[in-house]
Amino acid sequence: MAVETQQELIHGLNDGQRSAVQQTDGPLLIIAGPGSGKTRVITHRIAFMIAKGIPSWQIVALTFTNKAADEMRNRLNKLSPGNLTWAGTFHRFCSRLLRQYAALVGLQENYTIYDMGDSKKVLKHAIANAEIDVKHFSADKIGNQISNLKNEGVSLEHFIPRPGNVMDKILSKVYPEYQKLLQMANAVDFDDLLLHCVDLLRDNPELRESLDLKFNYMMVDEYQDTNRAQYQLIRLLNHNVQNLAVTGDPDQSIYGWRGANISNILDFEKDYPSVSVVRLEENYRSTKSILRVADQLIENNVRRKKKKLITANDEGKPVRLVAYPSPQDEAADIADSIALAIQKGNRKAKDFAILYRTNWLSRAFEHTLRQCGVPYQVLNGHEFYQRKEIKDVIAYLHLLNNPNDSVAFERVVNIPSRKIGKVTLTRLQRYSRENSISMMEAARNCEQIETIKKAVGKRILAFVELMDGLSKEVDSEVEPVIRSVLAATGYREWLTDDGSEEAFERAGNVDELVVAAQEFDNEHPEDGGLARYLEQAALVSDTDVWESDANFVTMMTMHAAKGLEFPCVYVVGLEDGLLPHERSVGNDDEVEEERRLLFVGITRAEEELQFSRCLNRFRRGSYWPAIPSRFLMELPRDEMEIFGAQHQQAGMTADDLQRAIDSMDVVDAPDFSDLPAIDIHASDAAISVGGDLFCDQENEPATKKSAVKKPSMASLMTGAELAKQHQSNAAADRLEPEACEVGLEVEHVEYGVGKVIAMTGTGRKVTATINFPNFGNKRICLAFSNLRLPG
DNA sequence: ATTCGCAAAGTTTTT
DNA sequence: CTTTGCGAAT
């Protein structure tokens, strides 16, 4: 019977897939291009192992998101019911491991996982305690450095500051203090979850060996996105027993910025010399025309192993590239197209995805989709859990679960107001630091603190008693605990006190939290409880909340889209500075990562794909001409459909472009789903020619060019456009920062005419000190002001 | 202790 | 142009 099952499991797989499934032992590297049936291979491989007689509890599968893990578990349960394979994210895996061995790294099992906001608060305390002047290194910078160290697997005792390095000198003071505060709070940050586990295994050889044996078979998905700490963890758990299979695609490595090390996958063959390598190159997802676009784009990366994308799928429709006058047009047209396709019955809402580089780009689309009555879901971050009211309630739960959680203490001690203010808090903090105890302990002993008056101490003790009382009510279910907290603190009443609409909405969010907790209780009858609930709340990711079955248009970042697929994909905002992001230009490796990001975006599409960019983009207060993304030059434009660039020709000046923009007739949204396209080929369109506007990166950025707009026929403009025009006109004769010099007469909207008497700063921070006859001297940052020449 | 007002900074991407 | 954070005032 077992043999028959094994046969069934490899039936219908291609050669590469089959060989990956059948090689259950020893190190295995699966290079899997997009849409190559990777998840299928992984699940079938695990089922195959189980069918072979390998105990399922010896198998661990590490995935990138919880969603991917759920998906895997579901599929696996169909192939192999009742199996005990552990599937989950690295962070969850480590979290579980740490709960068990917390004491070995100086924690208690009920430790708290701090999110970024929480860790930042701790960091600020650490910086203050270390008496570091944050003049030239911001707290964020320092935090990033610590995070980078941790991602590199450098724990405190392995950190050796380089002599003469200023940042290292700061880190040598802040890093230890930060870790000390975390430990006192019995808390970890995200990076610590991994790092503590690495330390745990490194420092306890016999434990390491037993776990190595216990997790006999390991699989790691998205291996190209693992960082050094994760790499070390994997190596530590696959030393004696090397039944390790990793899957990944170097072309989809998009997390370098958070420490992902692309050489982890490129060097896998060196790390495990006896490795077998399987390549899954056939794509089952996309049309030929989409794949050619993806292929040609990624060919431009230098640091890469060549790989071909092949598919037996149809040719499909040509990929579209559209230039819109403004983001409003972009959003309106795309929403219209989607609405029309749905209306005509060609598509469902859930067939569409709108992908972008940064989260804020979703706003315009939310607006237009709502107007068109198209249902949508936006995946952005842990937005729900970041709300003040939610964080407040969760903080109470954290404090109940882990009374030493000082960040939670500081958050809720005066919410609702208990007349325990900033000064009192500072006194408690000092006491807690001097005695190396948590805030809660300090509060308990507040009568010992001379500087705290009796009356205040009484209020503090009342709070301590409140929490003590609540902690007795903590039981196996979460929902009743939240209800007790709300009841005992009067939080909800405090929230709705002012009767405002906003307050009402917030109360609604709190209610939603209660419902979510209830659901959690129902779904986790065995393995629930406060600790697990809080762990889950801390480790949810963007895509985890994505509802793949519900009928919504999906909007998310290209990062979040990894691993997903949609029939129709819109990749929007393809402008230099957005993609590639302005913070990566100038660094070749980072630009290559941006290119991979677009590659990921493209390869999400099954049947239809549209790129778009805008000629103007609203940034920092007003509209600026936007340069097309350099990646657009790298696509096979001769086979794509190009819209909206009709007026652009090689050799245009900025003014010419502006005139073209003003007379653009793309305002009436073209209907792509239906009309025969006006096919403007590359030879006709300026963006192909390398006209200096688009291709010559040596040129000054557009933001520095004159932004003069010629008025166009008002009768043809919508209200939004008029508003936009107005704004542009306001900026029309705006003084260019580099034209400003001492002695110049300038005019300010509010202060009138004045004379520049001094200039300070460089780049965007150039500031002029200007003497206005009626207002005296004013310091004005040129990049943000509306200075103009008088007259 | 809270509230108000002004100034500076700012927009990646996420476990 | 917004938001956030800090400082001063009540």
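Each chain gets a letter, A, B and so on, in the order its sequence line appears, and its residues count up from 1.
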Legend entry - Nearest listed nucleotide, side chain of A:His559, among B:dT14, B:dT15, B:dT2: B:dT14
Inset, instruction - Among the candidates B:dT13, B:dA1, B:dT15, find the nucleotide nearest to the side-chain atoms of A:Thr424. - result: B:dA1
Inset, instruction - Classify the nucleic acid contact of A:Thr65 as base, sugar-phosphate or nothing, counting any heavy atom under 4.0 Å across all strands shown. - result: nothing
Inset, instruction - Hey, which sits more toward the 5' end of DNA chain B by its nearest nucleotide, A:Glu593 or A:Asp140? - result: A:Asp140
Legend entry - Whole-Å distance separating the CD atom of A:Glu222 from the C1' atom of B:dT14: 14 Å
Inset, instruction - Using atom CG of A:Leu97 as one end and atom P of B:dT15 as the other, report the distance to the nearest whole Å. - result: 21 Å
Legend entry - Nucleotide of B:dT15, B:dT14, B:dT2 approaching A:Phe190 most closely (side-chain heavy atoms): B:dT15
Legend entry - Nucleotide nearest A:His91 when distance is taken to its side chain, options B:dT13, B:dT2, B:dT15: B:dT15
Legend entry - Flag for A:Asp392-A:Tyr491: side-chain donor and acceptor within less than 3.5 Å: yes
Inset, instruction - Report the nucleotide, chosen from B:dA1, C:dC6, B:dT14, that has the shortest atom-to-atom distance to any side-chain atom of A:Lys124. - result: C:dC6
Legend entry - Ring centers of A:Phe631, A:Phe611 separated by less than 6.0 Å: no
Inset, instruction - Select base, sugar-phosphate, or nothing to describe what A:Asn414 touches, counting heavy atoms under 4.0 Å on all strands. - result: sugar-phosphate
Legend entry - A:Gln386 CD to B:dT15 P, straight-line distance once rounded to whole Å: 11 Å
Legend entry - Partner of A:Lys150 under side chain to side chain donor-acceptor pair (under 3.5 Å), chosen from A:Gln179, A:Gln145, A:His196: A:Gln179
Legend entry - Listed nucleotide nearest any side-chain atom of A:Thr89, set B:dT14, B:dT15, B:dT2: B:dT15
Legend entry - A:Asn359 side-chain N/O to B:dT13 phosphate OP1/OP2 under 4.0 Å: yes
Legend entry - Residue A:Thr557, side-chain atoms from C-beta onward, closest of B:dT11, B:dT13, B:dT2: B:dT13
Legend entry - Touch class at under 4.0 angstrom, heavy-atom based, for A:Phe90 against every strand present: nothing
Exercise answer: donor-acceptor pairs, residues 554-566 of chain A side-chain atoms, under 3.5 Å, sequence neighbours excluded:
residue	atom	partner	partner atom	Å
A:Thr554	OG1	A:Gln377	NE2	3.4
A:Thr554	OG1	A:Trp546	NE1	3.1
A:Thr557	OG1	A:Ala560	N	3.1
A:His559	NE2	A:Ile254	O	3.1
A:His559	NE2	A:Trp257	NE1	3.4
A:Lys562	NZ	A:Asp225	OD2	2.1
A:Glu565	OE1	A:Arg285	NE	2.6

Legend entry - A:His581 NE2 to B:dT11 P, straight-line distance once rounded to whole Å: 9 Å
Legend entry - Closest to the A:Arg258 side chain, choosing from B:dT11, B:dT14, B:dT2: B:dT14
Inset, instruction - With heavy atoms under 4.0 Å as the rule, sort A:Met558 into base, sugar-phosphate or nothing. - result: nothing
Inset, instruction - To the nearest Å, give me how far apart CG (A:Asn227) and C1' (B:dT14) are. - result: 12 Å
Inset, instruction - Write down the distance between CG (A:Asn148) and P (B:dT14), rounded to a whole number of angstrom. - result: 17 Å
Legend entry - Atom C1', compared across C:dC6 and B:dT11: separation rounded to whole Å: 22 Å
Legend entry - Nucleotide B:dT11, atom C1' - distance to CH2 of A:Trp624 in whole Å: 15 Å
Inset, instruction - For A:Ala560 and for A:Arg418, find the nucleotide of DNA chain B with the closest heavy atom, then tell me which residue's nucleotide is more 5'. - result: A:Arg418
Legend entry - Rounded distance (Å) that lies between atom C1' of B:dT14 and atom OH of A:Tyr114: 20 Å
Inset, instruction - Report which part of the nucleic acid A:Ile420 touches: base, sugar-phosphate, or nothing (heavy-atom distance under 4.0 Å, all strands). - result: sugar-phosphate
Inset, instruction - For the pair A:Glu575 and A:Arg619, find out whether any cationic side-chain nitrogen is under 4.0 Å from an anionic carboxylate oxygen. - result: no
Legend entry - Salt-bridge contact A:Asp118-A:Lys391 (side-chain N to carboxylate O under 4.0 Å): yes
